[in-house]
Amino acid sequence: ALTPLGQYAPFIVLGALWLLMTIANSKAWRVLQVVSAMIESNPAGAEEQLAAAMRVPLLSRPVRLLMYHRLALLRFRQNAFAETAAICRAVLSTRLPRPADTVRVHLLLMYVDASLQMGNLHGAYWGLTELRSGKLGFVEQLQCLNLQTRYELAAGYHGLALSNLPYKLHLAEMMPAAQCGILHVLFANAADQVHEPAVAKWLRQRADLLIGEQDVRALEFTIRNWGNPAMPPMRNF
């Protein structure tokens, strides 16, 4: 016959495991907050903190997925775009339980940006389609406009990039000056391609005022090297 202690042993073990998991996840939440603040100022320290936290075996699934989100953000800030895209796609391919589901849109935005940086237009198209299928906040809509315009120019849909231009410029003016200027350069290059020199000149002049002539020319050099592969168009903004 089991002793009284033996009868309760499974419950004691489960209780101990639950306590250990609670402690591990509480520490992990604190690490997530610290890492978020460190990614810009101390990326090496952020990576060290993340690596140590992710080695803990008792983390809950949502917390571990949020750790991968921070790792993707860290890699994006380090311009490691292939690794960024791989992490984002892996996390996005699984069901995101709460509260990890709150970072889905950000993962998609990072994935599209990283894909465009690598010239992976198929990946960018998938990410943009996923973004369009969900609800976006206003700031996320502005980010999506930037990414979609970059995709359209890279894929050769210059006329599509210029469609509804007054509305797009209205949105661009709500962005910080640097982002607004970049969009003006993108639109100016699209106007060049569809033989609208007056529109291109006006857009370029505005871009010069927003980000400076030197940065405009450097950005245009990058745009000219995007190429023109055949890709399906996006539903426009």
Side-chain angles (χ1 to χ4, degrees), residues 76 79 81 84-85 88 104-237:
F76 185 79
N79 295 331
F81 298 119
T84 301
C88 289
R104 183 176 185 275
V105 169
H106 190 233
L107 285 165
L108 283 167
L109 290 167
M110 275 197 294
Y111 177 75
V112 173
D113 202 331
S115 297
L116 289 169
Q117 295 280 2
M118 296 187 298
N120 176 11
L121 297 190
H122 290 280
Y125 179 82
W126 175 83
L128 286 166
T129 302
E130 289 294 307
L131 283 166
R132 289 295 179 198
S133 67
K135 291 183 179 180
L136 300 177
F138 183 68
V139 173
E140 292 156 347
Q141 289 181 45
L142 296 180
Q143 292 174 294
C144 195
L145 171 61
N146 181 292
L147 294 171
Q148 181 170 320
T149 305
R150 284 166 55 191
Y151 167 85
E152 287 165 349
L153 263 68
Y157 294 103
H158 302 101
L160 194 58
L162 288 177
S163 65
N164 208 7
L165 184 60
Y167 175 65
K168 291 178 179 177
L169 290 175
H170 174 68
L171 290 178
E173 286 163 2
M174 300 182 193
M175 299 178 181
Q179 295 177 30
C180 182
I182 288 169
L183 263 176
H184 277 73
V185 176
L186 294 173
F187 292 139
N189 278 266
D192 285 335
Q193 294 296 321
V194 297
H195 309 295
E196 293 282 357
V199 175
K201 181 181 178 181
W202 178 77
L203 288 164
R204 204 164 272 117
Q205 286 173 341
R206 294 193 73 188
D208 288 343
L209 292 172
L210 287 161
I211 59 176
E213 233 178 290
Q214 188 174 350
D215 288 341
V216 169
R217 303 301 167 256
L219 181 56
E220 288 184 325
F221 177 80
T222 302
I223 294 170
R224 284 195 296 272
N225 287 285
W226 278 348
N228 184 18
M231 284 293 299
M234 291 296 304
R235 179 169 63 84
N236 214 309
F237 196 88

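Fair warning: this is a prediction, and the values are worked out from it, not measured in the lab.
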Please output the side-chain donor-acceptor pairs of residues 190-200 that fall under 3.5 Å, not counting sequence neighbours, one pair per line with the distance.
from : atom 1 : to   : atom 2 : distance (Å)
D192 : OD2    : R204 : NH2    : 2.6

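A distance-only check finds a donor-acceptor pair linking the side chain of N189 to the backbone of V185 [under 3.5 Å].
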_Before you tell me yes or no, could you show the steps for Y167 and N164 under side chain to side chain contact (heavy atoms under 4.5 Å, CB included), namely the whole-Å CA-CA distance, both residues' side-chain angles and the distance that decides it to 0.1 Å?_
CA-CA 6 Å; Y167 175 65; N164 208 7; 3.5 Å; yes

*What do the steps show when you test N79 against Q117 for side chain to side chain contact (heavy atoms under 4.5 Å, CB included), and what is the final call?*
CA-CA 9 Å; N79 295 331; Q117 295 280 2; over 6 Å; no

*Kindly indicate, with the supporting measurements, whether the criterion side chain to side chain contact (heavy atoms under 4.5 Å, CB included) is fulfilled by W126 and L108.*
CA-CA 9 Å; W126 175 83; L108 283 167; 3.9 Å; yes

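Between E152 and A161, the shortest heavy-atom contact is OE1-CA, 3.1 Å. Nearest approach of A124 to Y151, heavy atoms of both residues: CB-CD1, 4.1 Å. Closest approach of C180 and L210 over heavy atoms only: SG-CD1, 3.7 Å. Here the closest non-hydrogen pair linking C88 and M110 is SG-CB, 4.0 Å. The nearest pair of heavy atoms linking L142 to L171 is CD2-O, 3.6 Å. The minimum heavy-atom distance linking L136 with Q141 is given by the pair O-NE2, 3.4 Å.
Between E130 and Y111, every side-chain heavy-atom pair lies at or beyond the 4.5 Å cut-off. Residues R150 and I182 have side chains not in contact (no heavy-atom distance under 4.5 Å, counting atoms from C-beta outward). Within the 4.5 Å cutoff, the side chain of S115 has no heavy atoms near those of the H122 side chain.
Residue pairs satisfying the salt bridge (Lys or Arg N to Asp or Glu O under 4.0 Å) criterion with at least one member in residues 169-180, sequence neighbours excluded, are listed as follows: E173-R206.
The line from CG of D113 to CD of Q143 is 9.0 Å long, rounded to the nearest 0.5 Å. Interatomic distance, CG of L186 versus CG of L203, reported as 10.5 Å (0.5 Å rounding). For the atom pair D208 CG and Q214 CD, the distance stands at 11.5 Å (nearest 0.5 Å). Here the straight-line distance linking atom CE of M175 with atom CG of L183 works out to 4.5 Å at 0.5 Å rounding. Taken from CG in L145 to CE in M174, the straight-line distance is 11.5 Å, to the nearest 0.5 Å.
Below 30°, between 30° and 60°, or above 60°: for F81 and F76 the angle between ring planes is above 60°, a perpendicular geometry.
Residues forming a side-chain hydrogen bond (donor to acceptor under 3.5 Å, both in side chains) with E140 (at least two apart in sequence, or on another chain): none.
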